[in-house]
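Please read the structure below before turning to the comments.
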Amino acid sequence: MESISSSQVLLARQPIFDARQQVIAYELLYRSEESRDQAIFRDSAATVQVILNTYTSISDGGAVKRLPAFINLTTELLLERSFPELPKKQVVLELPADLEPTLETAKAVQALVQEGYRVALDNYGHDARWAPLLKLAHMVKINVTEQNMERLAADIRQLAEFKVVAIATHIETHEMLDQCHRIGFKLFQGHFLSKPKIVTGRQVSGNSVTLLQLMQALQNPSTKPEELEQLIVRDPVLTYKLLRIINSAAYSLVRKVESVSEAVVLLGMEQIRRWASLITMTQNKDKPEELSRSLLIRGRMCEEIATAQKRPNPGGYFMAGMMSGLHAILDIEQTAMLQEVPIADDIRQAILGFEGDIGQVLQNTINYENGDWDKLPASFDATLYENSYRAGLAWAQEAMMAIAD
């Protein structure tokens, strides 16, 4: 099976959600070093499967689930049909935002639909010229930051005539998400999950306080196993999951571990720190699983980069990546969260202002995962970040399967 050519193509993914904030697909974001007009699937069917398996597989309740991938086409690729056969049940072909609604483009789209492909328009005009394409399309993406709610509501009414699914894109806040849901959008895309949904006068919940106390203890190298156990046993679910993971075949222990303090002694603080952090972060059932998943990927990616570059304390890079979005899970402001957890200054400064070596890696990692290629520095090591991102995807899937009920 062919590998992805990291030196030529950068790939990331952005989730698309339904009204319950469950991931139903991923849009594949890419940049080709050769040309922005090159297809990412230009080598063989094997490469197609490698990419789809890597970027659209997630752990869902302990099982691996494969989601559809939105693949961006250029006008040139559409008209010349210069891309290989793709698995039609696994992909949605997304047409470019600058597509002109001509007879030629309509015929090209019609040919794809007749072959069995699903097609999404990325934006559209409001005149009769778009009717042929709207009759063929299965979905239409609309940038909700460019129009007011009255205009967007009118768009939804117009699209209802064509029986296409409306996708709201570039959603940056929960308020915008709620508004788009009310006027009839069915699917949603944007960075709204990276921000907490602040409720006026909200107190940090009891479970969140325990989580923050545990995170604080895990950061303190002088914390004793017995002290850590006293925090963990406050949460029976956390205790059960941690002991189950430790007693799994992965660790091949000679005897069963019966207490958290015993586990700390046998495995060491680093392993306990990692698993306890993962479990506590993924316990909030009120938050979409994608938020936890994205933070695990980010943390692991930062750690992989630090390890590859032989930087000191790779675990600090992991914690910075993971904790950079923890406030959104807790629904509190980032500064307030960091006041509750007296972590090392270099990690705190990296999270708050991308300062220092850890901050530099964290910033590049976030830009990479968002597909903001133009924000990456000239010295950016594309191969390292691509490999680290893929390693993060694979590790996060394994981790979430391990901690599933």
Side-chain angles (χ1 to χ4, degrees), residues 12-30 67-75 92-101 109 118-131 133-199 287-291 293-294 325 327-328 331 366-367 369-375:
R13 66 185 193 183
Q14 187 177 48
I16 297 173
F17 300 90
D18 63 14
R20 297 177 299 164
Q21 296 186 33
Q22 299 298 310
V23 182
I24 58 92
Y26 285 103
E27 178 180 354
L28 298 191
L29 310 172
Y30 73 95
L67 300 176
F70 278 58
I71 309 295
N72 289 276
L73 297 182
T74 63
T75 301
V92 176
L93 300 180
E94 184 173 328
L95 305 181
D98 59 358
L99 183 72
E100 286 295 324
V109 173
R118 289 174 291 175
V119 174
L121 292 178
D122 188 0
N123 217 346
Y124 76 105
H126 300 88
D127 56 65
R129 295 188 307 144
W130 286 91
L133 287 176
L134 289 172
K135 290 178 181 178
L136 294 168
H138 300 83
M139 307 170 200
V140 174
K141 299 176 78 172
I142 299 177
N143 185 338
V144 298
T145 64
E146 297 179 346
Q147 304 179 46
N148 59 38
M149 279 298 143
E150 290 183 4
R151 176 70 264 179
L152 291 172
D155 286 343
I156 294 297
R157 290 193 294 271
Q158 180 182 12
L159 293 176
E161 301 174 10
F162 295 95
K163 299 180 180 180
V164 297
V165 176
I167 306 175
T169 69
H170 296 80
I171 297 179
E172 298 296 334
T173 66
H174 285 274
E175 291 73 21
M176 177 63 76
L177 172 66
D178 292 338
Q179 290 178 320
C180 289
H181 183 239
R182 281 199 301 270
I183 65 175
F185 280 98
K186 300 300 183 184
L187 300 177
F188 311 88
Q189 187 176 20
H191 298 313
F192 61 96
L193 285 183
S194 65
K195 300 177 182 179
K197 184 177 182 181
I198 301 299
V199 179
K287 287 294 181 180
E289 192 176 69
E290 181 63 23
L291 182 51
R293 181 183 295 112
S294 66
H327 61 293
D331 277 336
I366 292 174
N367 287 334
E369 67 185 23
N370 289 338
D372 292 331
W373 316 120
D374 57 329
K375 295 181 181 179

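In this chain, residues are counted from 1 in sequence order.
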statement: Only one of Arg182, His181, Met176 passes side-chain contact (heavy atoms from CB on, under 4.5 Å) with Asp178, and that residue is Arg182
- line: Of all heavy-atom pairs linking Ala137 and Val164, the shortest is O-CG1, 3.1 Å
message: With rounding to the nearest 0.5 angstrom, report the CD to CZ distance, Gln189 to Phe70.
response: 7.5 Å
field: Shortest non-hydrogen separation from Trp373 to Tyr30 and the atoms involved
entry: NE1-O, 3.4 Å
statement: side-chain contact (heavy atoms from CB on, under 4.5 Å) filter on Gln147, not counting sequence neighbours, yields His126, Ile142, Arg151, Leu152, Asp155
statement: To the nearest 0.5 Å, atom CG of Leu121 lies from atom CZ of Phe162 at 10.5 Å
statement: Nearest heavy-atom approach of Cys180 to Val144 is SG-CG1, 3.7 Å
- request: Considering non-hydrogen atoms only, spot the tightest contact between Leu133 and Val109 and give its length.
  value: CD2-CG2, 3.8 Å
- request: Check whether any side-chain N or O of His191 sits under 3.5 Å from a backbone N or O of Glu172 as a donor-acceptor pair, and report yes or no.
  value: no
- request: Hey, could you give me the CZ/OG distance between Arg13 and Ser294, rounded to the nearest 0.5 Å?
  value: 9.5 Å
- request: Determine the minimum heavy-atom distance between Thr169 and Asn143, stating which atoms define it.
  value: OG1-CA, 3.3 Å
- request: Please lay out, stage by stage, how Glu289 and Val23 fare under the test side chain to side chain contact (heavy atoms under 4.5 Å, CB included).
  value: CA-CA 8 Å; Glu289 192 176 69; Val23 182; over 6 Å; no
message: Within the structure provided, determine whether Pro68 and Arg118 are in side-chain contact (heavy-atom separation under 4.5 Å).
response: yes
query: In Å, rounded to the nearest 0.5 Å, how long is the span from CZ of Phe185 to CD1 of Ile167?
result: 10.0 Å
- prompt: So among Leu134, Leu95, Leu99, which one has a side-chain contact (heavy atoms from CB on, under 4.5 Å) with Tyr124?
  reply: Leu134
- line: Applying side-chain contact (heavy atoms from CB on, under 4.5 Å) to Lys375 and not counting sequence neighbours gives Asn367, Asp372
- line: dist His138:NE2 -> Leu136:CG (nearest 0.5 Å) comes out at 8.5 Å
- line: Shortest non-hydrogen pair, Asn123 vs Trp130, comes out as O-CZ3, 4.2 Å
Ile24 side, atom CD1; Asp18 side, atom CG - distance, nearest 0.5 Å: 7.0 Å
task: Walk me through it: do Glu100 and Arg129 pass the test side chain to side chain contact (heavy atoms under 4.5 Å, CB included)?
output: CA-CA 9 Å; Glu100 286 295 324; Arg129 295 188 307 144; 3.9 Å; yes
